[in-house]
Amino acid sequence: MGRVALVTGGTRGIGEAICVALQGAGYRVVANYGGNDAAAQEFSARTGVPAYKFDVSDFDAVAAGITQIEREVGAVEVLVNNAGITRDSTMHKMSYQQWEQVIHTNLTSCFNTCRAVIDGMRERGFGRIVNIGSINGQAGQYGQVNYAAAKSGIHGFTKALAQEGAAKGITVNAIAPGYVDTDMVRAVPPQVLEKIIARIPVGRLGKPEDIARTVLFLVADEAGFITGSTVSVNGGQHMY
Ligand code: NDP
């Protein structure tokens with residue numbers, strides 16, 4: 001049987017493509033989501049991938065959710081921290097709540113999930129963790145102090161945990177997507193999006209599948225020598 005892979009925010013957008021790619025490669029995939037039950041039900045019915053609802057920003061909810069997954073499906077050997085949100089605003093208008101929500105959902109979530117799986121991965125001597133960062137964590141972005149800080153934090157988190165996991169067969173890598181055609185990017189005003197696409201040398205938005213294939217590469221058993229890396233998948237928009 002294939003390894004158990006948990007993808008947070010796996011029911012829509014990039015996470016959905018990651019689930020489908022992992023499933024196609026023989027992993028036993030489990031998706032998590034936060035609140036959109038209709039999308040999760042539709043996703044599970046279509047793909048056969050079970051979806052577990054818990055808020056990744058809530059430490060206790062994550063611990064309970066992962067305990068349930070491990071009981072019902074099996075020990076999590078592959079973890080993809082993909083769930084994320086934006087709450088954009090310039091600094092002078094940003095509320096503490098907008099800051100806090102984005103930091104906790106995008107960054108604290110990685111602590112919450114990794115803390116729940118790390119002991120098992122260490123005991124078994126194998127683990128693959130991929131954290132989804134962002135081009136805007138590398139380059140910054142107007143109106144995204146909260147999001148850029150959280151995503152930049154993910155890149156540091158990845159390098160530190162990679163050092164801890166290396167001797168235990170656990171690799172930890174990050175992917176920094178550029179602009180990818182999902183609901184998150186569809187929320188950007190069309191005139192702004194047009195300007196963004198004009199700055200992408202490849203000449204198009206990314207597809208969720210562009211990110212999914214990178215995840216597959218990083219989580220392979222054969223990828224044990226790749227750890228602490230951030231792979232940019234951005235159509236050449238930012239060469240870091
Ligand atoms: P979407 O908005 O399309 O999907 C987000 C997913 O995350 C949904 O499944 C959602 O669940 C889930 N989610 C959100 N909040 C929580 C929560 N608190 N607990 C559990 N699950 C939650 O996002 P994308 O697919 O566009 O983005 C995926 C990741 O890629 C994010 O981390 C994002 O920051 C990153 N990224 C995206 C880029 C892009 O251009 N799209 C560019 C760079 C990075 P539900 O359906 O229940 O809301």
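For reference, positions follow the sequence shown, starting with 1. Order of listing sets the numbers, starting from 1, for every ligand and every atom in it. Quick caveat: nothing in here was measured; it's all calculated off a predicted structure.
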Exactly one of Leu216, Thr214, Thr8, Asn82 clears side-chain contact (heavy atoms from CB on, under 4.5 Å) with Ile18, and that residue is Asn82

Within a distance under 4.0 Å of any heavy atom of Thr11, pick out the atoms of ligand 1 and give their elements.
9 (O), 46 (O)

If every non-hydrogen atom of Phe43 is compared with every non-hydrogen atom of Ala31, which pair is closest and at what distance?
CE2-CB, 3.7 Å

Under 4.0 Å from a heavy atom of Val180: give me the atoms of ligand 1 that qualify, with their elements.
39 (C), 40 (O), 41 (N)

The side chain to side chain contact (heavy atoms under 4.5 Å, CB included) partners of Ile211 (sequence neighbours excluded) come to Ile14, Ile132, Ile175, Pro177, Val180, Val233

For ligand 1, which atoms, with element, lie under 4.0 Å from some heavy atom of Asp55?
17 (C), 18 (N), 19 (N)

What residue and heavy atom of the protein are closest to atom 17 (C) of ligand 1, and at what distance?
Val56 CG2, 3.7 Å

Under 4.0 angstrom from ligand 1, any heavy atom of Thr8?
no

For the 3.5 Å polar cut-off, considering only N or O atoms, please tell me whether Gly35 and ligand 1 meet it.
yes

Do Val219 and Val130 come close enough that some side-chain heavy atom pair is under 4.5 Å?
yes

Which of the numbered atoms in ligand 1 are under 4.0 angstrom from any heavy atom belonging to Ala83?
7 (O), 13 (N), 21 (N), 22 (C), 32 (O)

Using a plain distance cutoff, I'd like to know if Thr105 has any nitrogen or oxygen under 3.5 Å from a nitrogen or oxygen of ligand 1.
no

For Gln138 and Ser232, which I'm curious about, is there any donor-acceptor pair between the side chains at under 3.5 Å?
yes

Ignoring hydrogens and angles, tell me if any N or O in the side chain of Asn106 forms a donor-acceptor pair with the backbone of Ile103 under 3.5 Å.
no

I'd like to know if Ala176 contacts ligand 1, where contact means a heavy-atom distance under 4.0 Å to any ligand atom.
no

Which is it for Glu77 and Tyr27 under the side chain to side chain donor-acceptor pair (under 3.5 Å) test, yes or no, and what are the steps along the way?
CA-CA 10 Å; Glu77 297 171 290; Tyr27 291 84; over 6 Å; no

For atom 28 (C) of ligand 1, which protein heavy atom lies nearest, and how many Å away is it?
Asn82 OD1, 3.2 Å

With the side chain counted from C-beta on, respond yes when Leu161 and Ile118 share a heavy-atom pair under 4.5 Å apart, and no when they do not.
yes

Nearest non-hydrogen atom to atom 42 (C) of ligand 1 belongs to which of Gly178, Ser134, Gly84, Gly9?
Gly178

Proximity flag Lys151 to ligand 1, non-hydrogen atoms under 4.0 Å
yes

Please find the pair of heavy atoms, one from Thr171 and one from Arg128, that lie closest to each other, and give the distance.
OG1-CD, 3.1 Å

Looking at every non-hydrogen atom in both residues, tell me the closest pair between Gly15 and Val7 and how far apart they are.
O-CG1, 3.9 Å

Atom 46 (O) of ligand 1 sits nearest the protein heavy atom Arg12 NE, 2.7 Å

Is any N or O atom of Gly15, backbone or side chain, closer than 3.5 Å to an N or O atom of ligand 1?
no

Under the side chain to side chain contact (heavy atoms under 4.5 Å, CB included) test, which residues partner Arg87, sequence neighbours left out?
Ile85, Gln98, Gln101, Val102, Asn146

Examine Ala39 against ligand 1 and note whether any of their N/O atoms are separated by less than 3.5 Å.
no

What protein heavy atom is closest to atom 11 (O) of ligand 1, reported as residue, atom name and distance in Å?
Gly34 N, 3.4 Å

Within ligand 1, which atoms have a heavy atom of Phe54 less than 4.0 Å away?
19 (N), 20 (C)

So Thr86 and Gln144, do their side chains get closer than 4.5 Å, heavy atoms only?
yes

So for ligand 1, is Tyr179 a polar contact partner (N or O within less than 3.5 Å, distance only)?
no

Is the CZ atom of Phe217 crowded by more than 12 outside heavy atoms at less than 6.0 Å?
no

Close side-chain approach of Val185 and Leu205, heavy atoms under 4.5 Å:
yes

I need the atoms of ligand 1 closer than 4.0 Å to a non-hydrogen atom of Gly13, numbered in the order shown.
3 (O), 25 (O)

If you count the atoms of ligand 1 from 1 in the order shown, which ones are under 4.0 Å from a heavy atom of Asn32?
20 (C), 21 (N)

Do ligand 1 and Ile132 have nitrogen or oxygen atoms that lie under 3.5 Å from each other?
no

What protein heavy atom sits nearest atom 37 (C) of ligand 1, and how far off is it?
Ile14 CD1, 3.7 Å

Indicate yes or no: does an N/O atom of Ile85 lie under 3.5 Å from an N/O atom of ligand 1?
no

Report yes or no: does Arg28 contribute a side-chain atom to a donor-acceptor pair with the main-chain N or O of Met1 at less than 3.5 Å?
no

If I apply the N/O under 3.5 Å rule, does Tyr147 come out as touching ligand 1?
yes

Contacting atoms of ligand 1, where contact means under 4.0 angstrom from a heavy atom of Val185:
39 (C), 40 (O), 41 (N)

Say whether Thr182, considering both its backbone and side-chain N or O atoms, lies within less than 3.5 Å of an N or O atom on ligand 1.
yes

